[in-house]
K.L.:
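I have a structure here, written as C-alpha cells, and I will follow up with some questions on it.
One-based numbering, in listed order, for ligands and for the atoms of each.
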Amino acid sequence: MAEKSYKDELVGLFGYPVSENPTCIMYEAAFNHLGLHWKYLTIEVKPEDLKDAVAGLKAFNMRGINLTIPHKVSVLEYVDDLSESAKIIGAVNTLVNNDGKLFGENTDGKGFLKALVDDAGFDPLDRSAVILGAGGAARAIAVELIFAGLERLIIVNRSEERGKELVAHLKDRTSMDVEFIRWGEGYRIPEGVDLLVNATPIGLYPNIKDKPDIDYSSITENMVVCDVIPNPPETGFLKEAAARGAKTVNGLGMLVYQAAICFKMWTGMDAPVEVMRSAIEKEFNIQQH
Ligand code: NDP
C-alpha cells in the first residue's frame, strides 16, 4: 500500500482585488469529487508585489496559478515559455510550474471556442463574426477564432482608440485583415454575419437589466449569439437573441471550460466538467438570492 501523504498540492489565483472571484468553487468541487489532495488558494497580490508572489509560488513548489486583473500582462516578464495563442494575445491567465520553469497559457479564448464548437456545434471555418468590445476577453476570443479559420472579423468598440489598437495588434500578429467599427447608438449587425459575441461586461450581475446597445432586429435566426457574462448565464442580450430564433451560447460554459483546461494542464487529468459546472451554478444562484 502507498504510504499516506499529508502534503498539499497547491494551485490558485493571483489578483487584486480577488475577494469577489468565485473560481475556487469550481476547482475545490473537482478536487473533492476526484478525492485529490489539492487546494486552490485565492490570493490577493498587489501589483507591486507580483515579483515576490511569483518567487513565493516557486518556493512553495505550487503546481500553477491563475492570473486575473491586474496581472495578466505584467506577469509575462517572469514567464519562461508561452503557448502560441498566449504569444499572440499578449496576456496569460494560467501559469504551469514545471520544476521552477513557468509556462504561460491563455485559456479564456479556448474555453469560449470549446463552448461554441462542442455545445453549439458551430465551426468558425470560413465564417464571419462581430465581436462587441475590445478588451482582454475580446482579444483572447478573436485570436482563437482566427486560429480556427474565421474568414471575416469585425471588432465593434465604444472607444475608438482601444478598438483600433486591438485591430492593429491582430493585423500585426495574424495575417487577418480585421475591420474596426466605432460603436454608435443602435449598432446594426451587418447582413451575412454568422456569429455575434458580446465581450463587454454589460449585463453582468448585479447590473442584470443592462444590454449592449444594438439594433436587436438585425439579429437573425441563422446567427449564433454568444455572451461572455457568466452570471447570470441567461443575460438580457441572449434573451433578445433567442427571441429572434438565434442559437445562443452563454458565458458560464466559457468559464467552466477555461477552468477545465487549466485543471488538465495542472493535474494531467480530465476535469469533471459537469461537477465544476453545477458547483459554480449553485454559487451564482446563492449570489443572486
Ligand atoms: P476589459 O475591461 O478588458 O474590456 C471591457 C470592454 O468592454 C472594452 O472594450 C470596453 O469598451 C467595453 N465596455 C465596457 N462597458 C461598456 C459599455 N457600457 N458600453 C460599451 N462598451 C463597454 O474587460 P475584459 O475583456 O477582461 O472582460 C469583459 C467581460 O468578460 C467581463 O465581464 C468578464 O467577466 C468577462 N469574462 C468572462 C470570462 C468567462 O470565462 N466567461 C473570461 C474572461 C472575461 P471601451 O474600450 O470603450 O472602454
K.L.:
What orientation do Y216 and F237 show, parallel under 30°, tilted 30 to 60°, or perpendicular over 60°?
P.N.:
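Rings of Y216 and F237: perpendicular, over 60°.
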K.L.:
Atoms of ligand 1 less than 4.0 Å from I202 heavy atoms?
P.N.:
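Counting atoms of ligand 1 from 1, those under 4.0 Å from I202 are 16 (C), 17 (C), 18 (N), 19 (N), 20 (C).
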K.L.:
Looking only at heavy atoms, is any part of A140 under 4.0 Å from ligand 1, and if so is it the side chain, the backbone, or both, or is it neither?
P.N.:
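It is neither; nothing of A140 touches ligand 1.
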K.L.:
Tell me, please, whether Y187 has R182 positioned over its six-membered ring: NZ or CZ under 6.0 Å from the ring centre and within 45 degrees of its axis?
P.N.:
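Not flagged: R182 not positioned over aromatic ring of Y187.
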K.L.:
Heavy-atom distances under 4.0 Å are what count here, so tell me which part of N157 touches ligand 1: side chain, backbone, both or neither.
P.N.:
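The answer is the side chain.
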K.L.:
Distance under 4.0 Å to a non-hydrogen atom of A199: what atoms of ligand 1 satisfy this?
P.N.:
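Listed by number with element: 28 (C).
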K.L.:
List the atom of A259, the atom of M26, and the distance in Å for their closest heavy-atom pair.
P.N.:
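Shortest heavy-atom separation between A259 and M26 comes out as CB-CE, 3.8 Å.
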K.L.:
Between V228 and ligand 1, is there a nitrogen or oxygen pair with a distance under 3.5 Å?
P.N.:
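Among all N and O atoms of V228, at least one is under 3.5 Å from an N or O of ligand 1.
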K.L.:
Return the closest protein heavy atom for atom 14 (C) of ligand 1 as residue, atom name and distance.
P.N.:
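Of every protein heavy atom, P201 CD, 3.4 Å lies nearest to atom 14 (C) of ligand 1.
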K.L.:
Purely on distance, is any nitrogen or oxygen of Q258 under 3.5 Å from one on ligand 1?
P.N.:
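No, there is no polar N/O contact under 3.5 Å.
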K.L.:
Name the orientation class of the two ring planes belonging to Y27 and F263 (parallel below 30°, tilted from 30 to 60°, perpendicular beyond 60°).
P.N.:
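Plane angle under 30°, so parallel.
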K.L.:
For atom 38 (C) of ligand 1, find the nearest protein heavy atom and state the residue, atom name and distance (0.1 Å precision).
P.N.:
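It is M254 CE, 3.8 Å.
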K.L.:
Got an N/O contact under 3.5 Å between A134 and ligand 1?
P.N.:
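Yes; at least one N/O pair falls below 3.5 Å.
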K.L.:
Starting from atom 23 (O) of ligand 1, locate the nearest protein heavy atom and write down its residue, its atom name and how far away it is, to 0.1 Å.
P.N.:
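So the nearest neighbour among protein heavy atoms is G136 N, 4.5 Å.
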K.L.:
In the protein, which heavy atom is nearest to atom 16 (C) of ligand 1, and how far is it?
P.N.:
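That would be R158 NH1, 3.4 Å.
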K.L.:
Which residue holds the protein heavy atom closest to atom 4 (O) of ligand 1, what is that atom called, and what is the gap in Å?
P.N.:
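Here the closest protein heavy atom is G135 CA, 3.3 Å.
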K.L.:
Would you mind telling me if ligand 1 is within reach of the side chain of I229, the backbone, both or neither, using heavy atoms under 4.0 Å?
P.N.:
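Looking at I229 and ligand 1, just side chain atoms fall under 4.0 Å.
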K.L.:
Within the protein, is there a heavy atom lying under 4.0 Å from atom 33 (C) of ligand 1?
P.N.:
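When distances to the protein are checked, atom 33 (C) of ligand 1 has no heavy atom within 4.0 Å.
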K.L.:
Can you list the atoms of ligand 1 that are under 4.0 Å from a heavy atom of G251?
P.N.:
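Here the atoms of ligand 1 in question are 41 (N).
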K.L.:
Against P124, only a single residue in L153, L195, L150 fulfils side chain to side chain contact (heavy atoms under 4.5 Å, CB included); can you say which?
P.N.:
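Answer after filtering L153, L195, L150: L150.
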K.L.:
Taking all heavy atoms of F180 and all of G163, pick out the closest pair and write down the distance.
P.N.:
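That closest heavy-atom pairing would be CE1-CA, 3.4 Å.
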K.L.:
If you compare all heavy atoms of L238 against all heavy atoms of V249, which two are closest, and at what distance to 0.1 Å?
P.N.:
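Nearest pair, atom of L238 first, then V249: CD1-O, 3.9 Å.
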K.L.:
Is the shortest N/O to N/O distance between K72 and ligand 1 below 3.5 Å?
P.N.:
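In this structure, K72 places no N or O atom under 3.5 Å from an N or O of ligand 1.
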K.L.:
Looking only at protein heavy atoms, which one is nearest to atom 25 (O) of ligand 1, and what is the separation?
P.N.:
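For atom 25 (O) of ligand 1, the nearest protein heavy atom comes out as A137 N, 2.8 Å.
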K.L.:
I need the atoms of ligand 1 closer than 4.0 Å to a non-hydrogen atom of G133, numbered in the order shown.
P.N.:
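Contacts of ligand 1 toward G133, numbered from 1: 9 (O).
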K.L.:
Y16 and P70: which non-hydrogen atoms are nearest, and at how many Å?
P.N.:
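Nearest pair, atom of Y16 first, then P70: O-CD, 3.5 Å.
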K.L.:
Between W266 and L10, is there a donor-acceptor pair closer than 3.5 Å when you use the side chain of the first and the backbone of the second?
P.N.:
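No; judged by distance alone, with no hydrogens or angles, the pair does not exist.
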K.L.:
Minimum heavy-atom separation for T235 to P232, with atom names?
P.N.:
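Minimum heavy-atom contact is CG2-O, 3.4 Å.
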K.L.:
Would you check whether G111 reaches within less than 4.0 Å of ligand 1, judged by its heavy atoms?
P.N.:
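Heavy atoms of G111 never come under 4.0 Å of ligand 1.
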K.L.:
Under a 4.0 Å heavy-atom limit, does W183 contact ligand 1 with its side chain, its backbone, both, or neither?
P.N.:
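Contact part for W183 vs ligand 1: side chain (C-beta onward).
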K.L.:
List the closest protein heavy-atom neighbour of atom 47 (O) of ligand 1: residue, atom name, distance to the nearest 0.1 Å.
P.N.:
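Nearest neighbour among protein heavy atoms for atom 47 (O) of ligand 1, to 0.1 Å: S159 N, 2.9 Å.
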K.L.:
Hey, is D213 touching ligand 1 through its side chain, its backbone, both or neither, going by heavy atoms under 4.0 Å?
P.N.:
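The answer is neither.
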K.L.:
I need the L50 CG to F14 CZ distance, nearest 0.5 Å.
P.N.:
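So the gap between those two atoms works out to 7.5 Å.
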K.L.:
Counting distance only, does the side-chain N/O of E44 pair as donor-acceptor with the main-chain N or O of S19 below 3.5 Å?
P.N.:
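Looks like no, no N/O pair under 3.5 Å.
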K.L.:
Which residue pairs satisfy the salt bridge (Lys or Arg N to Asp or Glu O under 4.0 Å) criterion with at least one member in residues 132-159, sequence neighbours excluded?
P.N.:
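Found K110-E144, R139-E165, R152-E179.
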K.L.:
Do you know the tightest heavy-atom contact between G203 and I229?
P.N.:
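Shortest heavy-atom contact: O-CG2, 4.1 Å.
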K.L.:
Return the closest protein heavy atom for atom 8 (C) of ligand 1 as residue, atom name and distance.
P.N.:
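Result for atom 8 (C) of ligand 1: R162 NH1, 3.3 Å.
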